[in-house]
Number of protein chains: 2
Amino acid sequence: MTTKIDVLLVDDHAVVRAGYKAYLSLSGHVGMIYEAERGESACQLYSQHQPNIVIMDLSMPGLGGFESIRRLISRDPHCNILVSSIHNELVYVSRAIKAGAKGYITKNNSPEILLTAVYQVASGNTFVEPSLAQQLAVNVLSERGIANQIEELSPREFDVFCLLANGMTTRGAAEKLCLSYKTVCNHTTVIKEKLGIKTLAELALVATREGILETLDRNSFAMLEK
Amino acid sequence: MTTKIDVLLVDDHAVVRAGYKAYLSLSGHVGMIYEAERGESACQLYSQHQPNIVIMDLSMPGLGGFESIRRLISRDPHCNILVSSIHNELVYVSRAIKAGAKGYITKNNSPEILLTAVYQVASGNTFVEPSLAQQLAVNVLSERGIANQIEELSPREFDVFCLLANGMTTRGAAEKLCLSYKTVCNHTTVIKEKLGIKTLAELALVATREGILETLDRNSFAMLEK
DNA sequence: TTAGTCATGGGATTTTTTCCTGAACTTAAA
DNA sequence: TTTAAGTTCAGGAAAAAATCCCATGACTAA
């Protein structure tokens, strides 16, 4: 590689940024490294410096990672965004790519893979971590979109889903819906199967992720403390 | 500082380790840097090399963190452990310190603070990130504990709590913690009783509300709107 | 009509959970 | 040192919950 790669690092953890910066510098192929803590400043820095690649973490306060990607892409559709996340769930990969990211790797990887990904994405190619790409391929071919699994629930199943996700017991849900306990049990079994989950905790997590719960906002806890 | 500091890095994210390593090396005060991905190897490396400090990630979903701290401490009570976590919730700080950690900083901090913390802890002092220390002080004095109910969980119960909250099955948790299935069942029963809940979904919701899980960022479902 | 899905639940079986119990261990206090 | 209290671990019996299979009626779309 002849010219050096300019990088924009977006991660809300300053220590992690410092680490990446130090590591990338060692490679010798990286030129300028700009840093942003959140989406807003990332957009600004991007317009200003036009780096060859944006390395972005997904979990950030303010604009989340996905929203940040969308914004960057809407300003420059050719923007090369590499997501570096701690999440290896397909939902994340899928959403990131749909949002416009050109690459996705998890932080579990060897640092060499990071460099590979950086080179690839910076030169306009795509790079999805092999194991994830594999899973994703299968998942897409099996035709059932990842997050759309909830769409697969029948109306009644969705009712049950919501009640359970809010922490209600099977018996409670049955009562609320004026159904037999057995019916709710059966629905629940189907729901779990459709969503590919095993526990009620997962069910609650899925619901939370999809924003299906009127999430008790973060502050409700702070309220309790006073 | 005359002698250099030997460091053992424990973090399951290889890329992050590489970053820390690169950054710490720049400081000039750090000597050997050993790396471990998991608690088991951390214990081994510790016995082998007796580093001056262990920098440990808590890596939430896996939950190796607290247990690893306990193990290290049980082998060498004077072991200097600095937790570097992405979590800024008091529960974590409190748990880590109770487990025997000598310091706690979040990854949001400036890298300079990391160095400060490293120096302090490596020389046998303690260092808790100022803002957290402040909150903690008030919280402890205000008598009503952090999220008092969660605080009532014994260390082991808390381990189980975290795993279940992440959607793991009882059997899965048992395996992860090398416990009998029955033991985990019994812990679970006590947990539910202490928290005053009935279902695993509620357990997940409590964990989410208390910020014990990092769920998807808030804005993720904004994606769905388009 | 026919085929399909959906909602509903019963019955038998399996799995999970509860409740009670006790042992081993640690720690702190008397 | 002895005692007491708390924690961790786990087994057995019993209760509860969930699963699996099946059948019914209702509605819908081709």
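By convention in this document, chain letters (A, B, ...) are assigned in the order of the sequence lines, proteins followed by strands, and residues within each chain are numbered from 1. For clarity, every value in this text was computed on a predicted model and none was experimentally measured.
- Taking atom CD on E193(A) and atom P on dA18(D), their separation rounds to 17 Å, with Å as the unit.
- Between K192(A) and dA18(D) there is no side-chain polar atom (N or O) within less than 4.0 angstrom of OP1 or OP2.
- For Y181(A) and dG10(C), the shortest distance from a side-chain N or O to OP1 or OP2 is not below 4.0 Å.
- Of the N and O atoms on the side chains of Y46(B) and D76(B), at least one donor lies less than 3.5 Å from an acceptor on the other residue.
- Rounded to an integer number of Å, the gap from L179(B) CG to dT7(D) P is 16 Å.
- No side-chain donor from either of Y104(A) and S84(A) sits under 3.5 Å from a side-chain acceptor of the other.
- Rounded to an integer number of Å, the gap from K198(A) NZ to dA18(D) P is 15 Å.
- Side-chain atoms of K182(A) come within donor-acceptor range of the base of dT19(D), with a qualifying N/O pair under 3.5 Å.
- Between dA18(D) and T170(A), a contact under 4.0 Å exists linking OP1 or OP2 to a side-chain N or O.
- As a whole-Å value, the separation of H187(B) NE2 from dC19(C) P is 16 Å.
- Spacing between atom CD1 of I197(A) and atom C1' of dA18(D) amounts to 14 Å, rounded to whole angstrom units.
- Note on T183(B): every side-chain N or O is 4.0 Å or more away from OP1 and OP2 of dC9(D).
- As a whole-Å value, the separation of L153(B) CG from dT8(D) P is 10 Å.
- Between the side chains of T126(B) and Q120(B), not a single donor N or O lies within less than 3.5 Å of an accepting N or O.
- For the pair T189(B) and dT17(C), the criterion of a side-chain N or O lying under 4.0 Å from OP1 or OP2 is not met.
- Toward the 5′ end of DNA chain D lies the nearest nucleotide of S154(B), the other residue of the pair L200(A) and S154(B) mapping further downstream.
- Of the possible polar contacts, none joining the T183(A) side chain to the L179(A) backbone as a donor-acceptor pair under 3.5 Å is found.
- Taking atom CD of residue E202(B) and atom P of nucleotide dT17(C), one finds them 15 Å apart after rounding to whole Å.
- As a whole-Å value, the separation of L177(A) CG from dC6(C) C1' is 15 Å.
- Under 4.0 Å is where a charged nitrogen must lie from a carboxylate oxygen, and between E202(A) and K192(A) no such pair does.
- Side-chain nitrogen and oxygen atoms of T188(A) include none within less than 4.0 Å of the OP1 or OP2 phosphate oxygen of dA18(D).
- Counting atom types as modelled, N186(B) pairs a side-chain N or O with a base atom of dC19(C) as donor and acceptor under 3.5 Å.
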